[in-house]
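Sequential numbering from 1 along the given sequence is applied to the chain's residues.
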Amino acid sequence: MPCRAFPEGRTAIAPMHKNEEIQTSSNRAMHSVSQLIDRRKREKSLPGQRTDGRLLALAIEGGGMRGVVCGGMVAALEQLELLNTFDVVYGSSAGAISGAYFVAGQARLGVTIFYQNIANRQFINMYRFLLGRPILSLEFLLDRVCIFEKKLNTDAIIRSPVPLKILATSTSKLEIVVFDNFSDDRDLFDALRCSARIPVIAGPPVQYRNDTFLDASILESIPYRSAISAGATDIVVLMTRPAGSLRGNADRIDKYFIAPQLRKYNPKLPHAYLDRANEYLSEVEAITAASKGQGPTRILPVQISATAVDVPSNCIDRNALVEGAMAGFRAVYAALGLVEPTLAELITPLDP
């Protein structure tokens, strides 16, 4: 792929030619949520100072390494300078991490983590399963990569007028809890850790804020319901799977290794975990219905095409991850009715 080099750089996904003004595709009708975003951008509307009476949320799905797709999506939103058009950002699991980099103004840096920093055995190692250790190392990601290698600007998140909401599953109450109002770095990183932990896969529950928590996907893979419950009138939903692709049924590892571990924390957790395929189908159906104007909440789903690469959750193939990020980037332009850019894996400075 063509590349442009800068000193002290890191690779990122970006348009080959940055347009001063992005032209709307003439053959696409704009969705009502796209119209709201376009109007807010043109009017330079700011969070906390709205006059349109709408509450626009961004909901970001997780999915392990499949999260690179949503990483590409938030990179596109950042490229289009749309952060301030949103009132709040919700994230589940890997989607919470992508959401954090977006709110921090670092989405184009954050997406590179998937194919530059964690597409390796330090992060994903199936052999650890044989040793009774988590397959994924959240400590490598959160305590090393996000702090030292691709440092997350936590101060920007804490100060941001666009609040970051991180979802996790309470093991005691068996319900989704939404974390926000982070006091410092540790508080934020602990919430991110809560949102992504699953025994065997990514480790045991996290003790946090007087409870213990596990991965949000046990109860809410796509965090749009939490946004609706909090009063969102409009939601942009970023989805990691290609159009028409759903979560598969529980496999042997799920049934015979993960579920028994979950039972230790709450006897109802195994059923919720093993029923995720049905719950995911329900989420997708509800999102699809709302996108067609059914119901009071207006939803714009952003999803890569059915023919795009379906990135596995444990993928470490760099080319597939880059392709997934690019597909996600282009999907945002398509969903907003914009001319899709020609992309390259661009070399960009860490501190532009």
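At a threshold of 4.5 Å between non-hydrogen side-chain atoms, the residues Cys194 and Thr169 do not count as touching. A heavy-atom distance below 4.5 Å is found between the side chains of Met326 and Val322. For the pair Arg50 and Pro47, the minimum side-chain heavy-atom distance is below 4.5 Å.
Listed by chain and residue number, Ser92, Leu167, Ile176, Ser195 satisfy the side-chain contact (heavy atoms from CB on, under 4.5 Å) test with Ala216 (two or more places apart in sequence, or in another chain).
When only modelled atom types and interatomic distance are considered, Tyr208 and Asp187 share a side-chain donor-acceptor pair under 3.5 Å. With 3.5 Å as the limit, one finds no donor-acceptor pair spanning the side chains of Ser93 and Ser217. Side-chain contact annotation: Gln116 with Lys150, donor-acceptor N/O pair under 3.5 Å present.
Taking a 4.5 Å side-chain heavy-atom cut-off between Ile, Leu, Val, Met, Phe, Trp and Tyr, the cluster of Ile228 extends to Ile222, Tyr224, Ile235, Val237, Met239, Leu246, Tyr280, Leu281, Val284, Ile287, Ile299.
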Salt bridge (Lys or Arg N to Asp or Glu O under 4.0 Å), that's the test. Do Asp275 and Arg247 meet it? Break it down for me. CA-CA 10 Å; Asp275 194 49; Arg247 183 188 290 280; over 6 Å; no
Arg108/Gln79 under side chain to side chain donor-acceptor pair (under 3.5 Å): CA gap, chis, key distance, verdict: CA-CA 8 Å; Arg108 286 168 290 184; Gln79 178 74 23; 2.8 Å; yes
Could you walk me through whether Lys165 and Ser226 pass the side chain to side chain donor-acceptor pair (under 3.5 Å) check? CA-CA 9 Å; Lys165 309 280 189 175; Ser226 291; over 6 Å; no
Does the pair Tyr115 and Asn319 meet the rule for a side chain to side chain donor-acceptor pair (under 3.5 Å), with working shown? CA-CA 8 Å; Tyr115 50 84; Asn319 291 334; over 6 Å; no
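The closest donor-acceptor contact from the side chain of Glu61 to the backbone of Gly95 lies at 3.5 Å or more, if one exists at all. Listed for the Glu340 side chain is no donor-acceptor partner under 3.5 Å among the backbone atoms of Tyr333.
By the criterion of side-chain heavy atoms lying less than 4.5 angstrom apart, applied directly or through intervening Ile, Leu, Val, Met, Phe, Trp or Tyr residues, Leu46 is not grouped with Ile157; the two fall into different hydrophobic clusters. In terms of hydrophobic clustering, with Ile, Leu, Val, Met, Phe, Trp and Tyr side chains grouped at heavy-atom distances under 4.5 Å, Ile198 and Leu131 are assigned to different clusters.
Taking both residues in full, the closest heavy atoms of Arg225 and Leu219 are given as NH2-O, 2.9 Å, listed atom of the first, atom of the second, then distance.
Once rounded to the nearest 0.5 Å, the distance linking OG1 of Thr240 with CD1 of Ile304 reads 8.0 Å. For the atom pair CD1 (Ile124) and CG (Leu141), the distance works out to 10.0 Å, reported to the nearest 0.5 Å. Between the CG atom in Asn314 and the CD1 atom in Ile135 there is a gap of 8.0 Å [rounded to 0.5 Å]. Atoms CG and NE2, from Asn266 and His271 in turn, are 12.0 Å apart once rounded to the nearest 0.5 Å. One finds the CZ atom of Phe102 at 6.0 Å from the CG atom of Leu58 (value rounded to the nearest 0.5 Å).
A salt bridge between Arg193 and Asp143 is present, with a side-chain N of the basic residue lying under 4.0 Å from a carboxylate O of the acidic one. A salt bridge does not link Asp234 to Arg40: none of the charged side-chain nitrogens sits closer than 4.0 Å to a carboxylate oxygen. A salt bridge is absent between Asp251 and Lys255; no separation between the charged side-chain nitrogens and carboxylate oxygens falls under 4.0 Å. A salt bridge is defined here as a Lys NZ or Arg NE, NH1 or NH2 lying under 4.0 Å from an Asp or Glu carboxylate O, and Asp310 with Arg66 meets this definition. By the 4.0 Å N-to-carboxylate-O rule, Glu139 lies close enough to Arg197 to be salt-bridged with it. Salt bridge absent: Arg209 and Asp190 never bring a charged side-chain N and a carboxylate O closer than 4.0 Å.
The aromatic rings of Phe179 and Phe213 lie perpendicular to each other, with more than 60° between the two planes, well past the 30° mark.
Counting heavy-atom neighbours within 6.0 Å of Lys41 NZ, excluding the residue itself, gives a total above 12. Heavy atoms of other residues, nucleotides or ligands lying less than 6.0 angstrom from CZ of Arg42 number more than 12.
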